[in-house]
There are 4 protein chains.
Amino acid sequence: MEDILNPPRVRIRRRGADKHPLILKAARELVAQSGFREAQMTVIADAAGIAIGTLYRYFPSKTELMVEVVKSTAQREVDVVAGIAMRDGSACEKLGAAAWTFASRALRGRRLAHALVAEPVEPEVEAVRLTYHRALSRVFKTIIEQGVENHEFPTQNAAASADCIVGCLFEGLVAPLSNGAADASTSLSSHAASIITFCLRGVAGRMLTFPPMPAG
Amino acid sequence: MEDILNPPRVRIRRRGADKHPLILKAARELVAQSGFREAQMTVIADAAGIAIGTLYRYFPSKTELMVEVVKSTAQREVDVVAGIAMRDGSACEKLGAAAWTFASRALRGRRLAHALVAEPVEPEVEAVRLTYHRALSRVFKTIIEQGVENHEFPTQNAAASADCIVGCLFEGLVAPLSNGAADASTSLSSHAASIITFCLRGVAGRMLTFPPMPAG
Amino acid sequence: MEDILNPPRVRIRRRGADKHPLILKAARELVAQSGFREAQMTVIADAAGIAIGTLYRYFPSKTELMVEVVKSTAQREVDVVAGIAMRDGSACEKLGAAAWTFASRALRGRRLAHALVAEPVEPEVEAVRLTYHRALSRVFKTIIEQGVENHEFPTQNAAASADCIVGCLFEGLVAPLSNGAADASTSLSSHAASIITFCLRGVAGRMLTFPPMPAG
Amino acid sequence: MEDILNPPRVRIRRRGADKHPLILKAARELVAQSGFREAQMTVIADAAGIAIGTLYRYFPSKTELMVEVVKSTAQREVDVVAGIAMRDGSACEKLGAAAWTFASRALRGRRLAHALVAEPVEPEVEAVRLTYHRALSRVFKTIIEQGVENHEFPTQNAAASADCIVGCLFEGLVAPLSNGAADASTSLSSHAASIITFCLRGVAGRMLTFPPMPAG
DNA sequence: TATGAATGAGACTTCATTCAT
DNA sequence: AATGAATGAAGTCTCATTCAT
């Protein structure tokens, strides 16, 4: 399981409850709702039920907070997808399952997924998001490498293929979400199937059709 | 050839050169250098060597200016790639050439490409950027459809495949550029070859290796 | 006939048509339409069909132009009302007729009347408007003085009474116009009759009812 | 007693004095000194001894602040005049007293009174000012109606008469103040007496002379 | 003399961050 | 430790006025 986070920094010593996760939750929800730009510090503090001054005891700047938001959210996504990669089964199955898992989570989440993929702001946050992309890519890379060893897949630049899969999923699933329209997720899920089919072919180098899975 | 732009608005003229392209150039360069966020109106005016009031004679708001920046830049990219798609040759060759063209142009461009692909901004600008993605995708879709007719490629959801190609190129080429580091472009161009290979396999459903082209 | 204007200043020597009245007309119409604030120099120049630079050859500043607008417009109003005061008839009749004339002109004109009465801006323009108020007042004062000489009216401070009449007309007729609503002018004209009745009583010191006149 | 204000909004509190009245006072003084035009947010903040950001914590926009300035000032004036209308005495006495009270307060106040009566500004502020005129008029209307019931005054359009009184007071007292000149208030107060005499005659329809009161 | 593009001071507003209580 | 009022730099946009052609 990938760990995006650097060793967790020393936190403020506190008497009562640790407000760290509380703040992070509030911030994440606000970002999920309306993006980084709209998530102002005052609003986040309000949502967390604490004073703005208190928020600044836990996070020294908005940048830092947003970095944490991206880190933690991304980590969760990577963990889930990575969980799939650990299961038994052929590389092909795992690849399909992992992609589908990512896709179905992105189809919910919408705004948040978009924020993680395409809504940057500051270089520092951008850097973390890149880390997320790479972490996700690494999960796929691992599966591909297994498949190459198995001879399920032909020899290939596994890292590049993994990047491509991530790109396909982002472009295919997240970008269309950025127009606020609440598209019928049915059509999106068949679209997702086409995307994943493409990815499987790209990796396997032969005709494979991805059978859509029950949402999960 | 795609035309993203609406019919061009009537411009100011007389006395001195038309400042429209001058401003657009300055704005584009600033965006290319440091992204939308840093491109403030005052700075753009300075860079263009004009007063802020003059800037506002040509563009009624920052949003409008940024929309033009994205439109014009994106249009140029789409045009170039679309130009490739018009040439003679097999669908496979054209697909490779178009992808390679996009890739090699993105390898220069760096920050600008990133801005066109993944930076934040306002909904209005975002909408235009999405148009760019779709326009690029349509170019690839056209090639794929030709290939399917030719029986070069198997039957497939051409739109989804085209989106995937765009996603692969963005994720594979643009995202890595976003860290300011001046990566060795050699390694990037071999990376690009891997990416394109993946795309070709995804479309063709069989083993194809993309032979890197002479930079152009 | 009152002359509000100071001796007309030396104007620019010109070859072709004198653009002075042209500009004044355009400015007056714009002020009448949307007030001083909205009457920007560029817009006035456009409306007059001349260049902004030319406008500035005739009027050295917006303030000066607005002063002229108020002066000329007010002069016209004063002239019309003064014309009534010159006619034959009892002071009482003339007073009623003059008031009614002012009122009926104000009921058209709307925005312009408001601008002349209540929409000031700069001290310089304000000063001119005050002059207008005083000039109008002087017309009424003349009528009242005649009436006092005639013994139609009791001895009184004619200047103060005249100011009051002006005040009644402004407050009673112009102020209600400031809400953009296009009130039924029927109800306004009966309102006007009540206003004028009040004025006549105030001057005459006995019961007089003003019989509304045919609009003119 | 008229109440122009809507229910007062929830205010900021805690730590330090409530800055609401402080700001309002500063703004009122600036308007009184130089009118709405000169009352810029930065200047108001400076005058109140606070930062511009603080100003915006209390008033969301300049318009809102100006509305409050007009509302609160006007309310005070209306309250004082209305207080007179509640006293015992004949309608005639009350009418004279109310008018005199208004007049004597306007003779101080100068610029501020002018701002409340005749300065420009935005539609939103204008609307509030109109409310002030109407509220003042309503006070006089009440007195007149009492007088009509008493048979002190003849039957008449009480609303129109009340508007006239307001108009007389504004035109007779406020307008002359608008030229910055510090007129001898002695002459003004005898002028005021003439104005009020006119009003009484207008309402009563017979000869009444208003005996100037001791200033209050 | 006419033109109108260019100018730039100045107005309003936002929001991350600080610090006295 | 918590609070939240206060701060003010920074950004966008307007419009009267100037001046080169």
Side-chain angles (χ1 to χ4, degrees), chain A residues 12-16 19 37-46 49-66, chain B residues 11-19 37-46 48-65, chain C residues 12-16 19 37-46 49-66, chain D residues 11-19 37-45 48-63 65:
Chain A
I12 295 120
R13 291 281 150 237
R14 43 209 130 25
R15 292 279 166 77
K19 305 227 171 55
R37 200 70 161 252
E38 298 297 301
Q40 292 119 355
M41 293 302 262
T42 314
V43 177
I44 294 171
D46 278 2
I50 60 170
I52 178 71
T54 307
L55 192 161
Y56 271 88
R57 284 193 61 77
Y58 287 84
F59 296 91
S61 74
K62 184 179 182 181
T63 299
E64 291 280 306
L65 172 53
M66 289 307 151
Chain B
R11 281 185 205 158
I12 292 138
R13 263 290 174 179
R14 190 80 93 80
R15 199 79 31 179
D18 182 5
K19 302 245 170 29
R37 197 59 166 264
E38 298 299 305
Q40 295 118 353
M41 294 303 260
T42 314
V43 177
I44 293 170
D46 278 1
I50 60 171
I52 181 73
T54 306
L55 184 55
Y56 275 89
R57 277 187 69 76
Y58 288 84
F59 297 91
S61 72
K62 183 179 182 183
T63 299
E64 290 279 304
L65 173 53
Chain C
I12 295 121
R13 292 280 150 239
R14 42 211 133 25
R15 293 274 168 79
K19 306 226 171 59
R37 200 70 163 253
E38 298 297 302
Q40 291 120 357
M41 294 301 263
T42 313
V43 177
I44 294 170
D46 277 3
I50 60 170
I52 178 72
T54 307
L55 192 160
Y56 271 89
R57 282 192 61 77
Y58 287 84
F59 297 91
S61 72
K62 184 180 182 181
T63 298
E64 291 280 306
L65 172 53
M66 289 307 151
Chain D
R11 282 187 203 156
I12 292 138
R13 264 291 173 180
R14 189 78 93 81
R15 196 81 30 179
D18 183 4
K19 301 246 168 33
R37 197 59 167 264
E38 298 300 303
Q40 296 116 350
M41 294 303 260
T42 314
V43 177
I44 294 170
I50 60 172
I52 181 72
T54 306
L55 183 56
Y56 274 90
R57 279 187 69 75
Y58 288 85
F59 297 91
S61 73
K62 183 179 181 182
T63 298
L65 173 52

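Chain A is the first sequence line, chain B the second, and so forth, proteins listed ahead of strands; every chain is numbered from 1.
- If you take CD of A:E64 and C1' of E:dT17, they are 14 Å apart, rounded to a whole angstrom.
- Distance CD1/C:I44 to CD1/C:I52: 8.0 Å, rounded to 0.5 Å.
- Separation of atoms CE (A:M41) and CZ (A:F59) is listed at 8.5 Å; rounding is to 0.5 Å.
- Applying the 4.0 Å criterion to OP1 and OP2 of E:dT1, one finds that C:K19 has every side-chain N and O outside that range.
- One can place CZ of B:F59 at 15 Å from C1' of E:dA5, the figure rounded to the nearest angstrom.
- Rounded to a whole Å, the CG atom of C:D46 is 12 Å from the C1' atom of E:dT3.
- Mapping D:I50 and A:L55 onto DNA chain F via the closest heavy atom, the residue that lands nearer the 5' end is A:L55.
- One interatomic measurement links the two molecules: CG of A:L65 to C1' of E:dC15, which rounds to 15 Å at whole-angstrom precision.
- Taking each heavy atom of C:K62 and C:R37 in turn, the nearest pair found is NZ-O, 4.1 Å.
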Heavy-atom contacts, protein to nucleotides 10-15 of chain F, under 4.0 Å, summarised as B (base), S (sugar-phosphate only) or - (none) per nt, yield -SBBBS
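- Residue A:M66 contributes atom CE, which lies 13 Å from atom P of E:dC15 at whole-angstrom precision.
- Closest non-hydrogen pair, B:I50 versus B:L55, comes out as CD1-N, 3.7 Å.
- Counting only Watson-Crick or G-U wobble pairs whose defining distances are both under 3.5 Å, the stems of 3 or more consecutive pairs in DNA chain E are E:2-21 with F:2-21.
- Residue D:I44 contributes atom CD1, which lies 11 Å from atom P of E:dT13 at whole-angstrom precision.
- Ranking E:dG8, E:dT3, E:dA2 by closeness to the C:Y58 side chain, first place goes to E:dA2.
- A heavy-atom distance below 4.5 Å is not found between the side chains of C:Y58 and C:L65.
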